[in-house]
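Take a look at the structure set out below.
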Amino acid sequence: NGVRVIVAPNRALPLISADFRVASGASSDPANRAGLASMTGDLLTRGTTTRGATDIASQIESLGASISSGAGVDSSAVSLQTRSDRVEEAFTIFADVVRNPAFADEEIDRAKSQALDGLQVALSQPGGIAGFAMTRAIYGTAPYGAIASPTSIGAITRDDMAGYHSAYWRPDNAVLVITGDVSAEEGFALAERYFGDWARPTSPLPARPDATAHAAPSRTIVVDLPDTGQAAVLMGLRGAARTDADYFPLLVANNVLGGGYSARLNNEIRIRRGLSYGAGSGLSARMSPGPIIASAQTRNDAAVQVYELMRAEIVRIGAERVPEAELTARKAVLIGNFGRTIETTAGLAGQISTFALYGLPPERLGTYVADVTAVTPEQAQTAAQRYFDANRADVVVVGDAQHFYDGLRRVRPNAERIPVSELNLDSESLR
């Protein structure tokens, strides 16, 4: 029926993890329904045609197991962790959740209420608003630019969720990874028993959205949030896709720039100058080029200074070769973080299913350390020169604009000011 099954045995502990992942997520949301993939994913564990939400929770707990579901930008997944001696009972619930969601009206109402409450909180905070604005600045109305808003969440119906599940949660769009205390033969037998009779739909899989699309030219967006105590300062660029040859050099270069407490942004903005509790830069690994976002929060009157420091470090990372000792230290951070991720059965299952999503063989997990270690100072600098172009970066500052707007206009003449009362997440212009 098209389900790809990968089994990774590890007999160290009597635990089994499973990750059922479909290669569709928020980037597949239809127009005016941003948030649909996420809400559909969340609802899977909140009731099936034969089990209510409380039934699922109590039955899973009685097995000493756990189950979760949700959606990211490129994919959606249901994840299970269970004792190996209870795997049959746990897989019965796991398969039911994946295949037979009920999308009960009361659960939909509760999920929408929770999503709207979360949005209300995010839209009252500089960091939350800045994240939404940066997504629009980089990607506009392209698939990676969709933002769940009060309007789009309010418009989602049960039929939308059932339609999304029918269109994308299907065996020929999925990978099932089983790890832990299970042999290859036992793992494939589990997959066959619980997913083998799931028929491939006769209708074709919807076309994958063009997630390479993005907005242009760069913008400088100021969202005026009067009387707030701090300003959020963000600079954003498009990076490399996870499968690009540039990915590992860019990953290492970004970690030098802002990958932790001792990275350059935090060292310059927090440690040396005391202008923020933390500054950093994140590179999102995606099927198409994801965002690189440098960020910090600071006093309103220091927002322009923080922007200038951030810009200077972005310029520097491409202009100067990173010293070997600094590069080695930042590589160690990446390798350590990755090692902690895959040392659990759940983490390993998630990593393997994500690799499968990208079309990477599971064996590439074993080369991650070598891939990071092999990056040279020259390769890191070349990647930084290619991607960290401060002149084409989008800039978002959210705070009490009376303290910094005029100063920002002097260094970013294209700055546009949007009162928070006029902010429209459904519009590319944000108005």
Do we see a donor-acceptor contact under 3.5 Å between the side chains of [X] and [Y]?
X	Y	result
Gln59	Arg51	yes
Asn391	Arg311	yes
Asn414	Thr220	yes
Arg99	Thr48	no
Asn254	Ser281	yes
Ser276	Gln297	no
Tyr139	Asp394	no
Asn267	Arg270	no
Asp159	Thr157	no
Ser69	Asp42	no

Taking only residues two or more places apart in sequence, or in another chain, which ones meet Glu89 in a salt bridge (charged side-chain N to carboxylate O under 4.0 Å, His left out)?
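Arg86.
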[X] side, atom [atom1]; [Y] side, atom [atom2] - distance, nearest 0.5 Å:
X	Y	atom1	atom2	result
Ile147	Leu425	CD1	CG	5.5 Å
Leu63	Arg83	CG	CZ	8.0 Å
Ile60	Thr45	CD1	OG1	10.0 Å
Asp389	Leu237	CG	CG	7.0 Å
Tyr387	Leu283	OH	CG	10.0 Å
Lys112	Asp117	NZ	CG	13.5 Å

Does [X] reach the main-chain N or O of [Y] with its side chain, forming a donor-acceptor pair under 3.5 Å?
X	Y	value
Asn300	Asp400	yes
Thr40	Leu36	yes
Arg158	Ala102	yes
Gln125	Ala122	no
His403	Ala231	no
Asn424	Asp426	yes
Arg136	Gly145	yes
Tyr307	Arg412	no
Ser113	Asp109	no
Thr135	Gly131	yes

Report yes if some heavy atom in the side chain of [X] is under 4.5 Å from a heavy atom in the side chain of [Y]; otherwise report no.
X	Y	value
Met39	Ile153	yes
Val175	Val22	no
Arg21	Ser75	yes
Leu251	Leu334	yes
Pro291	Ser284	yes
Val177	Val7	no
Phe103	Leu44	yes

Does the pair Phe338 and Leu365 meet the rule for a side-chain contact (heavy atoms from CB on, under 4.5 Å), with working shown?
CA-CA 10 Å; Phe338 182 76; Leu365 277 172; 3.4 Å; yes
Are Arg340 and Glu343 close enough for a salt bridge, meaning some N to O gap below 4.0 Å?
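No salt bridge links Arg340 with Glu343.
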Is any NZ, NE, NH1 or NH2 atom of the basic residue among Asp371 and Arg364 found under 4.0 Å from an Asp or Glu carboxylate oxygen of the other?
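Salt bridge between Asp371 and Arg364, a charged N being under 4.0 Å from a carboxylate O: yes.
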Arg242 NZ/CZ over Phe355 ring centroid, <6.0 Å and within 45° of normal
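Geometry flag: set, cation within 6.0 Å and 45°.
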If the test is side-chain contact (heavy atoms from CB on, under 4.5 Å), which one of Thr212, Ile138, Asp210, Asp74 qualifies with Tyr144?
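By the side-chain contact (heavy atoms from CB on, under 4.5 Å) criterion, Tyr144 pairs with just one of Thr212, Ile138, Asp210, Asp74: Asp74.
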With a sphere of 6.0 Å drawn around CG of Asn32, does it hold more than 12 non-hydrogen atoms of other residues, nucleotides or ligands?
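12 or below, so no.
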Counting heavy atoms not belonging to Glu416, are there more than 12 under 6.0 Å from its CD?
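Yes.
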Is there a side chain to side chain donor-acceptor pair (under 3.5 Å) between Asp96 and Thr50 once you walk through the steps?
CA-CA 8 Å; Asp96 192 28; Thr50 57; 3.3 Å; yes
What's the verdict on side-chain contact (heavy atoms from CB on, under 4.5 Å) for Leu190 and Glu88, showing C-alpha distance, side-chain angles and the deciding distance?
CA-CA 8 Å; Leu190 280 170; Glu88 297 286 349; 3.9 Å; yes
Which atom pair, heavy atoms only, marks the closest approach of [X] to [Y]?
X	Y	result
Pro143	Pro209	CG-CB, 3.7 Å
Met310	Ser295	CE-C, 3.8 Å
Ala263	Val256	CB-O, 3.5 Å
Ala90	Thr82	CB-OG1, 3.5 Å
Arg170	Ser166	CD-O, 4.2 Å
Val396	Ala133	CG1-CB, 3.9 Å

Check the pair Val306 / Arg299 against side-chain contact (heavy atoms from CB on, under 4.5 Å), numbers first and verdict last.
CA-CA 9 Å; Val306 166; Arg299 306 188 318 267; over 6 Å; no
Go through Val395 and Leu234 one step at a time and tell me if the side-chain contact (heavy atoms from CB on, under 4.5 Å) criterion holds.
CA-CA 6 Å; Val395 175; Leu234 274 62; over 6 Å; no
Between Phe91 and Phe94, is the gap from one ring center to the other below 6.0 Å?
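Phe91 vs Phe94: aromatic centres under 6.0 Å.
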Pairs meeting criterion ring-ring contact (aromatic ring centres under 6.0 Å, His included) with involvement of residues 200-256, two or more places apart
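Listed once each, the pairs are Phe248-Tyr368.
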Could you pull out all residues at least two apart from Phe388 that satisfy ring pair (Phe, Tyr, Trp, His ring centres under 6.0 Å)?
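With neighbours one apart ignored, the set is empty.
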Only one of Lys331, Arg330, Arg264 clears side chain to side chain donor-acceptor pair (under 3.5 Å) with Asn255; which?
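It is Arg330, the one option of Lys331, Arg330, Arg264 that forms the side chain to side chain donor-acceptor pair (under 3.5 Å) with Asn255.
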Can you label the angle between the Trp198 ring and the Phe195 ring as parallel, tilted or perpendicular, going by 30° and 60°?
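Tilted: the ring planes of Trp198 and Phe195 meet at 30° to 60°.
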